[in-house]
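What follows is a short report on a single structure.
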Amino acid sequence: MNATLFALALFDGISYAALVFLVAVGLTLIFGVLRVLNVAHGSFYALGAYTTASIGSAIFAASFAPWLAFPLMLIAAIGVGILVGGPIEKLLLSRIYEMEDVLQILVTFAVFMILEDAQRLIWGVQPLFEATALNALGTIEVLGITYTVYQLIFLPIVAVAVLVALRVGLRRTLTGRLITAVTEDREAATSIGIDAEKVYLITFMVGASLAAFGGALASATTSVVPGMGADMIVLSFAVVATAGLGNIEGAALTALLIGLGRSFAVYLWPEVEVLVPYLIMLFVLLVRPQGLFGMPDARKI
């Protein structure tokens, strides 16, 4: 591999890792607090992408300013988190928290299938593409390679900002401390007056919004097509399992590892590109079943 291909693989990997992290961190946040493996999480990613692409195509066809593409992504993500994620948690998931893990997975899988069909009913099966945000930031030349500013600079900055915001929010704000308290011991938190149900609802909406935000950002770089949510949820599970369930910083580092591994495979050995994330996960779990950054569960004797 020459220097040019190495740089391209590095840039592609960083850009892809930023998107994967946004989805995976929402998944790990939901599991860390609610203890539910939400298979429907990939649908939030797809809904964020579809909402951004469809609304963006309409408003920019009407000659609105290109910079509106950026607040549109955030608004679309929050809208999906509140309007779709909120009712799902309140009306469905809140009823199954005490049930077996297998049943929780089956229920969220059913939600995923319903949302996948809803996407086809609303947007059809033709791909959508809305690249106003990508084009608005232009390109930059690095190491002799012309690359988009959106992918090389904007996406990584957004991912780092989300990571910092989550860490500061969980450690320094009242809401974050309430979430931490409920995560550590729900019964004790409830006994001192904390509304655990409200904490669960807020956490789920934040996690869903993060997944939708990842989809909104991805809509500027790739075609929005049916099935994109399925691909992303499988990859997100690989990131979360490799990092260790519930570990936010670990999800960031693992997303970068898997993103770079997948990217370099594209240039070096494209036949196994799809397998690389799962080979990394398999190797890590064979050595550390709790994940790279996870802690072994304590057993009561």
Side-chain angles (χ1 to χ4, degrees), residues 21-41 43-45 48 74-101 104-105 107-108 111 158-214 236 239-240 243-255 290-291 293-298 300:
F21 164 71
L22 290 172
V23 183
V25 76
L27 183 64
T28 200
L29 179 66
I30 290 172
F31 178 82
V33 179
L34 280 65
R35 297 295 169 184
V36 171
L37 282 174
N38 179 29
V39 180
H41 198 69
S43 293
F44 300 136
Y45 169 81
L74 184 59
I75 293 170
I78 295 173
V80 169
I82 294 174
L83 299 178
V84 181
I88 288 174
E89 194 283 333
K90 193 67 177 178
L91 301 177
L92 183 60
L93 296 186
S94 61
R95 304 173 185 272
I96 63 171
Y97 289 139
E98 304 302 325
M99 297 183 181
E100 295 181 0
D101 294 343
Q104 294 176 353
I105 292 174
V107 169
T108 58
V111 173
V158 170
V160 171
V162 168
L163 175 61
V164 172
L166 284 174
R167 284 291 28 151
V168 172
L170 289 173
R171 293 177 179 174
R172 301 293 179 85
T173 66
L174 176 59
T175 301
R177 290 169 181 168
L178 293 178
I179 290 174
T180 302
V182 172
T183 303
E184 294 295 330
D185 193 327
R186 177 179 178 176
E187 291 184 2
T190 302
S191 68
I192 61 174
I194 297 175
D195 188 344
E197 293 183 0
K198 185 176 181 181
V199 169
Y200 279 11
L201 176 61
I202 292 173
T203 301
F204 191 85
M205 288 192 298
V206 170
S209 296
L210 287 170
F213 192 38
S236 297
V239 171
V240 172
L245 292 170
N247 192 297
I248 292 176
E249 290 90 347
L253 294 174
T254 305
Q290 70 271 22
F293 305 95
M295 299 295 292
D297 292 333
K300 293 182 180 180

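Scope of the values below: all heavy atoms of this structure, side chains included, with no hydrogens, waters or symmetry mates. This one's a predicted model, so the numbers in the text were calculated from it and none came from an experiment.
Arg172 contributes atom CZ, which lies 8.0 Å from atom CZ of Arg177 (distance to the nearest 0.5 angstrom). To the nearest 0.5 angstrom, Leu34 atom CG is 6.0 Å from Glu89 atom CD. Atom CG in Leu27 sits 13.0 Å away from atom CG in Leu22 (nearest 0.5 Å). In this structure, CG on Leu253 lies 9.5 Å from CZ on Phe21, to the nearest 0.5 angstrom. The CG atom of Leu178 sits 11.0 Å away from the CG atom of Leu170 when rounded to the nearest 0.5 Å. Note that NZ of Lys90 and NZ of Lys198 are 10.0 Å apart. Values are rounded to the nearest 0.5 Å.
Listed for the Thr28 side chain is no donor-acceptor partner under 3.5 Å among the backbone atoms of Ala24. Judged purely by atom type and a 3.5 angstrom limit, Gln104 has no side-chain atom pairing as donor or acceptor with the backbone of Leu37. Between the side chain of Thr108 and the backbone N or O of Asn38, no donor-acceptor pair lies under 3.5 Å.
Under the 4.5 Å side-chain criterion, counting only non-hydrogen atoms from C-beta, Val36 is not in contact with Phe204.
Across all their heavy atoms, Ala181 and Ile194 have their closest contact at CB-CD1, 4.0 Å. Residues Ala243 and Ala251 come closest through the heavy atom pair CB-N, 3.6 Å. Contact detail for Val23 and His41: the closest heavy-atom pair is O-NE2, 2.9 Å. Of all non-hydrogen atoms in Gly81 and Ser209, the two that sit nearest each other are CA-OG, 3.3 Å.
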Apply side chain to side chain contact (heavy atoms under 4.5 Å, CB included) to residues Leu163 and Val25 and explain how you reach the verdict. CA-CA 8 Å; Leu163 175 61; Val25 76; 5.7 Å; no
Go through it in stages, so that I can follow the logic: the residues are Phe44 and Ile88, the test is side chain to side chain contact (heavy atoms under 4.5 Å, CB included), and I'd like the CA-CA distance, side-chain angles, deciding distance and then a yes or no. CA-CA 11 Å; Phe44 300 136; Ile88 288 174; 4.0 Å; yes
Can you check side chain to side chain contact (heavy atoms under 4.5 Å, CB included) on Leu210 and Leu166, steps first, answer last? CA-CA 11 Å; Leu210 287 170; Leu166 284 174; 4.2 Å; yes
When you look at Val111 and Leu93, which way does the side chain to side chain contact (heavy atoms under 4.5 Å, CB included) test go after all the steps? CA-CA 10 Å; Val111 173; Leu93 296 186; 5.9 Å; no
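Other residues, nucleotides and ligands place more than 12 heavy atoms under 6.0 Å from the CD atom of Glu249.
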